[in-house]
Amino acid sequence: MAAVTIGHDDHHDDHHEHAPEIPYPVQLRSNRVGLWLFCISEIFLFAGLLAARFYLWRVSPDMVASHPAYEVEVGEILRPELSQTVGFITTAMLLVSSYYMVRAEVAAEHGHRGRMVRSLWVTFVLGLLFLLGVVIIEWGTMPELAQAITGHSPIRPTDGVFGAVLFAMTGMHAIHVTTGLIFILILIGNSRKGWYQPGRTWGVEACAIYWHYVDVVWIFFYPALYLIGTVWH
Amino acid sequence: MKNGLARHLTIATVLTVLSTFGMYFVLKSLFALPVQATVEGAKIDRMFDGHWWVISALFSLIIVFMLYAIFAFSRKEGEEGEGMYMHGNMALEVTWTVAPLILVLAFGWWGSALLSELLDDSRDSEAITIQVDAYKWAWRFKYPQEMGGVETSTLYLPKDRLIVLEMESQDVIHSFWIPEFRVKQDILPGRKTYLRFTPSMTTQEIADAHGDSSYQPQVRCAEICGTSHAYMLAPVEVLTDQAAFDEALFNAGQLSADPVERGEKWYVDYGCNSCHSMDGSLDGKAGPTWLGIYGREEELVDGSVVIADDDYIRSSIYYPNEQIVAGYAPNIMPNNFEAQFLEQQQKIKNEINQDIDIVSDLIEFMKTLEE
Amino acid sequence: MVKAIVNFSHSKFARSFYAAFAGAALTWLLLSVAFLALNWIVDLADIAAPENAVALQGTVRLILAVLMGILGFIAGSGVLNGLWIGRFLYYAGRTALVRGLFGQGLVFAIVYFLMRDVRTIPEIESGVTQASGEAAIVLGALLSTFGFLWFSGVMTDWTLQMFGHHTELKHGGPPGEPEWLRYFNIDVNHKVIGIQYGVTGILVLLLGGALAILFRLELAFPGMQLFSTDDYNTLFSAHGMIMIAAVFLGVGALINYLAPVMIGAADMAFPRLNAFSYWIGVPAAVMLVGGMILGWDTGWVGYPPHSSSTQMLGVVLFLMGFYMNGFASIASAINLLVTVVTMRAKGMNYWRMPIFVWTAIATSIMQFSATQTVGVALSMVLLQRTMGMNFFDPSTVPPGDPVLYQHLFWFYSHPAVYVWVVPGFGLISELLPVFARKPLYGYKWVAMSSIGIALVGFIVWAHHMFTAGMPDTLRYIFMVSTMFVGIPTGVKFFSWLGTIWGGKMIYPTPMLFILGSISVFLLGGLSGPILATIPTDLHLHDSYWVVGHFHATIFGGFVFPFFGALYYWYPKITGRMYNEWLGKLHFWLMLPAFWVMSIGQMVVGLRGMRRRIADYDPALNLDFTHSLITIATLVIGWSVLIMIYNLWTSARSKELAPENPWGSRSPEWLAPSPLPEFNYLSPIEIIGEPYEYGKDEEEIYARPIPAIGD
């Protein structure tokens, strides 16, 4: 399996020889292992952020003393007030986009270029809508619009640990979504040039794994940000 | 060959045992701990002793066997051939995995038992609780209300009483360490941390045991906290008994009628001395010297020139980031002195009905520091 | 479009331009350092400098830089190749290093001048003022990394692929240029990258060592003689971080050069990613040095709230540089793991790999995962400083917490220490059998103990925080878990003893370094448990005992084995033999000096010497020991210079080294020295066990695959 053919010319001081051919199955296996290792590596990044969320969004002893009206206990998990509607819709869009990504991958394997490109475009649009939902509404880039949709003024990054952790988590995830969107555009562009013929679809497969991975990360982030804990006004 | 190996093993083992005792005495003399001046320190030092024995034994085991191998298993001049062909021994491998495991568990148990003793808060009610305020780069100690609520920059302690320190930082992380007491605890902003110990020697006894009767035990900050971290020290005065302790606190709480003397007290109490020298030296000092400061012309970072008069000095203490002298950085000096001073003045007013102004006292003190 | 840009960057004009940049920038840099040193000495000696000295220096620097720039532009075409300076500039204009540095400087300058007056946070709380230009420095540093990568050409292939161009993996140096120039250019060959790592590592090691010597001179006596306390703080902070970078580069050198050859592969699994891992370290190193120039006083740990509030702006460059180094760690670790999984030669199953490969696996497991969490910690400090996002300030509701940073930081930075020492263990286990002429004792136990150390390494991080104010329950748990590290480490020590026991040892320089490293690491290892049991740690925490322990661990676990490896594989890398006498001199100077230094540090630590202080209390009677440590440091410094002289001059000797000077069984010695472009002239297969020294009937470990019909 790891049989690597070695350059066989006798002038090994001539460095412009041909590289030993690495068979496509071997390279494909390397690529897959590499990408999965990358995904495992990123788990630690997102776990670090989640750890910060559960470490900081809690009731401290001082808060119990200074807010007697609140019936909370020390150590209880908190969350900021966020719009459930926005959270639900954006999450749903990201989940549905994964379905179209699967369609694109299957289409690529069967050599259906048109269907693949169409599915990729749907994935792209859904991903972009998710991103806009987070960046424009949840982040309050357009405060009036956000106010109108969610009914409360958007949280700012400088709003204590709520703002800081919220922006750090959604921001880090948004960077990954953006990368995924660029990746999709590259696939669409390159497929025009005849890339990704059946049997050589690693590019599509990589993008799909990455996109699903970013999706799964959000499946952990969404409850951590929107569902778990007592709302602290 | 097999017999030869057994002989080598026996010799090396005997040498290891001999070396262990030798090493222990080397360690005891080389790795001398500071004077031991707390009850808890005695227990901790017993654990140090346990470690010295383990270190001696393990060090001897590896080094003796290694040196012996060099002695016995080196290739001689002109010799050919390879070493013995052996791959390993399951029993040996298991032994040298399990034996350290037992040692680890033993020390884990010892360490846990001793730690829980050090953390024990069941006797806190009979202890003296002192609040420690750490800030860049000085210490303040506040004694309980029933002892007059005095605040000092020297840590006064009575001998043979359990002390509880309740510590908080005003700015960055600091760490409380008195090497003679064997205890250390980081001090965090926004959260209290605690330390418990029972001094068993007075300062004079510590100094004598140290071999230098003028030696001053000190609280030493052990966490990097910026420019003058090295000089973030506070003297420790352990007094013979409760009476001497009360007297020291009483004296520390007295206010002189002379503003200059009061100014000098504030200069030390509020840690001005950690950044502003009295003698013109700038070594390790984050701020301008106070020598000749009153009436001096100072060039500011924006190029303008001011005269250090009463108004300028007052505003520099209360609003330290507004008029920075050229060559110095903003945000170094704490900017809560106004609040601290007002609180202190109010307290003095309540207690002895005397109106004082700390900044004026400081200015009077500055005036005496002429070049 | 993309292709046109790539072509332009290789045009005659572009090369002349880069040569001009090299001339101007280097002149500027050298003169700046020279003037800095001059002014420092003038200041120390209390000589009255003329009023306008600084302005004059500035003018001289500018004029000379411009002249050298013009000279560089002319030399870039090759007309001045008769002069050494002309040749120097000509080739400088043809290196990826110069192109990258130009790109980094250009992007940084653009971002900085556009952004310098922007304050990203209003001054929210009293006392928190954001220095003007801080956000510009952070963003500039971030984007300048991409500037470096694109201008140097690391990203060229990937960028072309994005736009649908097929790219071939190019082997060999730049066409028509001398062979050595490939070491300064983007090269995908793992051996070239390994040597790039190694040489950079040694240079960075020298820089870090020079800083250490500077502040050791200050510490030789109580009181401040040479520096201000801020300068001192900067020096020790920079020493820490720069040395860490050096050790990472050294580990990268070992793994990149050795691991693919040892498993019989022609190269790493992802050669372009490999080049990326090395080159991203260069802009990161530039940032660290920049941080040192601006000054930063937090130590390499950068604990908030000190790091999030200090006015010494170098701290943000330090955080960015540290962050960027993380990309290199993660990418190279993934690359190594994939290579080992998919690229092994025929018959090379896991239990037949040279033992160093096992340690490379263990080290990569730690690197590719834990590095992410320190990235989170570092970026939190940066976000707090530049965006006002509060993670660590306790004044909000709910409160921020500085201890969170310490957890995230040490979750990486503790395993990081094992990342440095585990490959060193691999070298010890690899070399001992060769020089004792005996099989490695307990191969599987040794291999598994490396993995064991890696796994235990993940659950001990909080022992760095025993006095930090974390919940007491955690203190008990981490006290016991920490001591468990001793068990796999003990297995290593005993296996090494088992390996030399009954051998026929010989002592050329590499073996001396390996035995020396066992003694030094023993010192580091044994000074550890006393830090693990909390009652004794309460005295030792943040004292010089820790400094001594740490240096012994890293010297024993990395520096000594690394030097041993340099001597051992020197004939493989260069095809020449080093000077044995100078090698032994290096060892016999360095070992005793190191013992004195490390034990001295432990002695002063026990007596009450705190870490990271510029000045110490003379009443503690530490002066004598401190002077001794300083002398020992100087001896170590000189001994390393002897090594560099030795390696440099020996490479130019005419005499060739024997093919397998150590009689090793490891497969890399089957191939010619220096190794050919693709390592083995024909594919190899593994048909035996790796360490069968002294077996009665000869057993072959690796051999070329016989041609069909043979």
Side-chain angles (χ1 to χ4, degrees), chain A residues 1-8 10 12-20 22 26-27 29-31 33-34 37-38 40-49 51-52 55-60 62-63 66-67 78 157-165 167-168 172 186 189-190 192-193 195 232, chain C residues 121 124 161-164 169 171-173 175 179 182 264-267 269-270 330 333-335 337-339 341-346 348 368-373 375-377 379-380 383-384 387-391 396-401 404 407-408 411 672 676-683:
Chain A
M1 118 220 104
V4 178
T5 41
I6 304 279
H8 36 64
D10 298 322
H12 62 260
D13 48 349
D14 172 16
H15 288 287
H16 300 280
E17 58 203 297
H18 289 289
I22 296 172
V26 174
Q27 189 63 51
R29 186 154 173 263
S30 292
N31 291 349
V33 177
L37 285 175
F38 172 76
I40 297 172
S41 167
E42 294 262 285
I43 288 177
F44 285 78
L45 165 68
F46 295 112
L49 288 166
Y55 192 99
L56 291 177
W57 289 5
R58 279 185 314 175
V59 178
S60 74
D62 283 355
M63 289 162 74
S66 57
H67 296 79
L78 298 176
T158 46
D159 288 344
V161 295
F162 281 136
V165 175
F167 274 75
M172 187 51 83
I186 292 172
N190 282 351
R192 290 222 189 94
K193 303 192 173 171
W195 289 32
W232 183 270
Chain C
I121 35 174
I124 13 175
Q161 284 172 11
M162 281 184 200
F163 290 93
L169 208 51
H171 288 274
E179 172 70 15
R182 67 189 297 200
D267 207 324
F270 307 116
I330 294 169
I334 290 179
N335 207 344
L337 288 172
V338 174
T339 307
V341 171
T342 65
M343 309 278 282
R344 277 169 291 122
K346 186 178 171 213
M348 176 71 84
F368 96 101
S369 54
T371 310
Q372 297 278 8
T373 63
V376 175
S379 50
M380 280 175 171
L383 288 171
Q384 177 154 352
M387 304 298 291
M389 289 162 69
N390 177 40
F391 298 96
T396 62
V397 181
D401 191 339
L404 170 66
H407 279 295
L408 291 171
F411 185 81
E677 184 76 18
F678 302 111
N679 296 344
Y680 298 97
L681 296 177
S682 62

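Naming convention: chains lettered A, B, ... in sequence-line order (proteins, then strands); numbering from 1 in each chain.
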Exercise. Does any heavy atom of chain C fall under 4.5 Å from the side chain of Phe46(A), the backbone, both, or neither of them?
Worked result: neither

Exercise. Is there a side-chain contact between Met343(C) and Ile22(A), using heavy atoms and a 4.5 Å cut-off?
Worked result: yes

Exercise. What distance separates Leu337(C) CG from Phe368(C) CZ, expressed to the nearest 0.5 Å?
Worked result: 6.0 Å

For this session: Could you tell me the separation between the OH atom of Tyr55(A) and the CG atom of Leu49(A), rounded to the nearest 0.5 Å?
Result: 15.5 Å

Exercise. Most heavy-atom pairs under 4.5 angstrom with chain A, which of Ala377(C), Gly164(C), Ala370(C), Ser379(C)?
Worked result: Gly164(C)

Problem set entry | Which portion of Arg192(A) sits near chain C, non-hydrogen atoms under 4.5 angstrom | neither

For this session: Examine whether an atom of Met348(C) lies under 4.5 Å from a heavy atom of chain A, and if so say whether it belongs to the side chain, the backbone or both; otherwise answer neither.
Result: neither

Problem set entry | Any side-chain heavy-atom pair of Pro398(C) and Met63(A) under 4.5 Å | yes

For this session: Answer with side chain, backbone, both or neither: which region of Glu42(A) has an atom nearer than 4.5 Å to a non-hydrogen atom of chain C?
Result: both

Seminar exercise, completed: Contacts of Asp267(C) meeting salt bridge (charged side-chain N to carboxylate O under 4.0 Å, His left out) (sequence neighbours excluded), chain-then-number -> none

For this session: Calculate, to the nearest 0.5 Å, the distance between atoms CG and CH2 belonging to Asn190(A) and Trp195(A) respectively.
Result: 4.5 Å

Problem set entry | Option that, when pairs with chain C are counted at under 4.5 Å, heavy atom only, ranks first among Pro157(A), Ala52(A), Gly160(A), Ser30(A) | Ser30(A)

Problem set entry | Segment of Ile330(C) engaging chain A (4.5 angstrom heavy-atom cut-off) | side chain

For this session: Test Met172(A) against Val376(C) for side-chain contact (heavy atoms from CB on, under 4.5 Å), laying out the working first.
Result: CA-CA 10 Å; Met172(A) 187 51 83; Val376(C) 175; over 6 Å; no

Exercise. Distance from Asn390(C) atom CG to Thr396(C) atom OG1, nearest 0.5 Å?
Worked result: 4.5 Å

For this session: Could you tell me which of Leu56(A), Val33(A), Val165(A) has the largest number of non-hydrogen atom pairs under 4.5 Å with chain C?
Result: Leu56(A)

For this session: Counting only heavy atoms closer than 4.5 Å, note whether Phe270(C) contacts chain A via side chain, backbone, both or neither.
Result: side chain

Seminar exercise, completed: The interface call for Asn31(A) against chain C, heavy-atom contacts under 4.5 Å, is both

Problem set entry | Largest heavy-atom contact set with chain C, pairs under 4.5 Å, which of Gly34(A), Ala51(A), Gly163(A), Ser66(A) | Gly34(A)

Problem set entry | Region of Ile43(A) that comes under 4.5 Å of a non-hydrogen atom in chain C | neither

Exercise. Chain C heavy atoms under 4.5 Å from Phe167(A): which part of the residue, side chain, backbone, both or neither?
Worked result: both

Exercise. So what's closer than 4.5 Å to chain C heavy atoms on Val59(A): side chain, backbone, both or neither?
Worked result: neither

Exercise. Going from CD1 on Ile334(C) to CG on Leu37(A), what distance comes out if it is rounded to the nearest 0.5 angstrom?
Worked result: 6.0 Å

